[in-house]
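Okay, structure first, notes after.
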Amino acid sequence: MKVLFIGGTGNISTSVSRLCVERGIDLYLLNRGKRGVEITGAKTIVGDINDEENVASALAKHEWDVVVDWIAFVEKDVDRDIGLFRGKTKQYVFISSASAYQKPPAHYIVTESTPLFNPYWEYSRNKIACEERLNRAYREENFPITIVRPSYTYDTVIPLVIGGWSEYTAVDRMIKGKKVIVHGDGSSLWTITHAQDFAKGFVGLLGHQQAAGQAFTITSDEVLTWDQIYHAVAGAVGVEPKIVHISSDLLVKFEPSLEGNLLGDKSTCAIFDNTKIKTFVPGYKATIPFNQGVRKTISWFNEDPKRMIVNPQTNEMMDRIIASYEGLKP
Ligand SMILES: NC(=O)c1ccc[n+]([C@@H]2O[C@H](COP(=O)([O-])OP(=O)(O)OC[C@H]3O[C@@H](n4cnc5c(N)ncnc54)[C@H](OP(=O)(O)O)[C@@H]3O)[C@@H](O)[C@H]2O)c1
């Protein structure tokens, strides 16, 4: 199979690229070559996907079994891809987001037929618009789409809510014995997936005869409370976290920029039914428990001080919110 990844050296896609090579796929990566991530056995096409003319000429001589765009976020990105790959690929995979699923959820278990509706987060609405554009291309011109909706998936990001992701701020606070904020009362349920687990489901969809026009969620089946997630991260650096619980509504009042990430995503429960991916990719099973996977992630951050970014603005925001909250009189 000859496969092109647009991206391919990111937080999720690095594990997928490595597994593709391991499975004997002839893998090409189109990216700017800025990450310093080596995927031994893959061929790299250096380019910026937004530089359409150069990309079109670099790709002109190729035909693909599968193209995966890891970094399409708005409708014009998928419009560009339809133009670039119409008649040139047997499958086109769009990476959407599980945050596109109905918020707040009307039912506690999310399946692929859960409605796509997110009034709180523009990022998710843009992913929905991409999906709608691609579904139209499938219906009207048989453009061979497959849609994959990852939920919170980690490897080289720290899967927390405030002060995590590519920042080390929340972890640094835990190490220093400072308080960290957990939204709600820490008991809402969430699913976090290691990129190596995600890769096992994802690679099974590449070239899959029955995947055209289909959408998939690929997650772990391990469901944790947010308190358990924060405790696991703290455990990975050998401390007990000092957690302050604050309702998501109040957090958004204190800091409106948190609305999308909280009300549009993390404030509600995220429990997924993975039956569909297990049906299409027999044997798919996530096997990395969060409290083990996150230790590898923390070690990766600790290997290079440049990765351990402590953001003073995030620290100030967390201090400000905690002080305001603790100043409230019952
Ligand atoms: N992680 C999650 O929890 C989660 C959840 C839901 C959805 N998603 C979706 O997953 C996708 C992100 O996947 P990821 O984490 O593997 O990606 P990522 O970490 O964002 O990595 C980006 C990749 O794209 C390349 N790239 C960036 N800008 C480029 C450009 N202008 N031209 C060409 N290449 C470029 C990067 O290499 P260079 O910098 O070298 O170019 C790298 O290979 C997104 O679509 C996101 O919405 C993620």
Side-chain angles (χ1 to χ4, degrees), residues 4-20 27-39 42-56 58-59 67-78 80-81 84 92-101 103 110 116 118 121-131 134 147-161 164-166 190-199 201-203 215-220 229 260-261 264-266 270 272 286 290 293-294 297 300 307:
L4 173 69
F5 282 1
I6 300 166
T9 55
N11 166 51
I12 309 184
S13 56
T14 296
S15 295
V16 179
S17 295
R18 295 209 164 112
L19 188 59
C20 282
L27 182 67
Y28 289 68
L29 307 179
L30 189 158
N31 58 51
R32 298 165 303 175
K34 287 188 168 179
R35 302 274 163 140
V37 172
E38 181 66 32
I39 310 288
K43 303 173 183 89
T44 299
I45 302 171
V46 177
D48 185 325
I49 189 63
N50 300 314
D51 181 356
E52 213 173 319
E53 219 170 285
N54 276 335
V55 165
L59 297 178
V67 172
V68 182
D69 193 341
W70 289 94
I71 48 168
F73 294 94
V74 293
E75 195 173 337
K76 79 173 176 30
D77 297 341
V78 296
R80 173 203 60 217
D81 288 357
L84 278 172
Y92 170 88
V93 183
F94 169 64
I95 309 299
S96 185
S97 166
S99 67
Y101 288 122
K103 299 289 173 310
V110 175
L116 303 183
N118 192 329
W121 207 2
E122 190 183 17
Y123 159 75
S124 316
R125 287 193 296 276
N126 285 332
K127 289 282 190 184
I128 295 170
C130 292
E131 289 201 25
L134 288 166
I147 290 166
V148 174
R149 303 181 187 128
S151 187
Y152 212 161
T153 306
Y154 73 105
D155 181 7
T156 52
V157 299
I158 298 170
L160 297 177
V161 182
W165 192 247
S166 54
W190 195 265
T191 302
I192 299 200
T193 307
H194 196 281
Q196 284 173 15
D197 277 335
F198 174 90
F202 187 87
V203 175
F216 298 88
T217 313
I218 306 174
T219 73
S220 168
I229 292 164
N261 198 15
D265 204 28
K266 315 293 187 309
F272 300 95
F290 181 65
V294 80
T297 295
W300 181 85
R307 295 173 184 157

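Just so you know, these numbers come straight off a predicted model, no measurement behind them. Just so you know, ligand 1 is whichever comes first in the structure, and atom 1 is the first atom listed for that ligand. FYI, side chains are in, hydrogens and waters are out, and symmetry mates aren't considered; it's all heavy atoms of this structure.
Of the N or O atoms in P150, none lie within a sub-3.5 Å distance of an N or O in ligand 1. Taking distance alone, with nitrogen or oxygen atoms compared against 3.5 Å, A98 stays at or beyond that limit from ligand 1. Inclusion of T14 in the set of residues having an N or O under 3.5 Å from an N or O of ligand 1 is not warranted. Among the atoms of W165, none of the N or O lies under 3.5 angstrom from an N or O of ligand 1.
Only side-chain heavy atoms of K127 come within less than 4.0 Å of ligand 1; its backbone N, CA, C and O stay farther off. Residue contacts with ligand 1, taken as heavy atom pairs separated by less than 4.0 Å, do not involve A195 at all. Using a 4.0 Å cut-off between heavy atoms, L29 makes no contact with ligand 1 at all.
Residue contact check: G33 has heavy atoms under 4.0 Å from atoms 40 (O) of ligand 1. Which parts of ligand 1 touch F73 is read off a 4.0 Å heavy-atom cut-off, strictly below it: atoms 44 (C), 45 (O), 46 (C), 47 (O). Atoms of ligand 1 lying under 4.0 Å from at least one heavy atom of Y152, given by number and element, are 3 (O).
Here the shortest heavy-atom pairing between S220 and A286 reads CA-CB, 3.6 Å. Shortest non-hydrogen contact noted between S96 and P150 is O-CD, 3.2 Å.
Using the six-membered ring where Trp is involved, Y154 and F290 have ring planes that are perpendicular, over 60° apart on the 30 and 60° scheme. Under the 30°/60° scheme for interplanar angles, the aromatic rings of W165 and Y152 are found to be tilted. Aromatic ring orientation, F198 versus F202: parallel (interplanar angle below 30°, classes split at 30° and 60°).
Partner of W70 under the side chain to side chain contact (heavy atoms under 4.5 Å, CB included) criterion, chosen from V16, N31, N11: V16.
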(request) For side chain to side chain contact (heavy atoms under 4.5 Å, CB included), just list the numbers for Y123 and N261, CA-CA rounded to whole Å, side-chain angles, deciding distance to a tenth of an Å, and then say yes or no. (result) CA-CA 10 Å; Y123 159 75; N261 198 15; over 6 Å; no
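The residue among I71, T156, I6 with a heavy atom at the shortest distance from atom 20 (O) of ligand 1 is I71. The closest heavy-atom contact to atom 44 (C) of ligand 1, among the options Y123, Y154, W70, F5, comes from W70. The heavy atom nearest to atom 25 (C) of ligand 1, considering only G7, S97, G47, is found in G7.
T191 places a side-chain N or O within donor-acceptor distance of the main-chain N or O of A270, the cut-off being under 3.5 Å.
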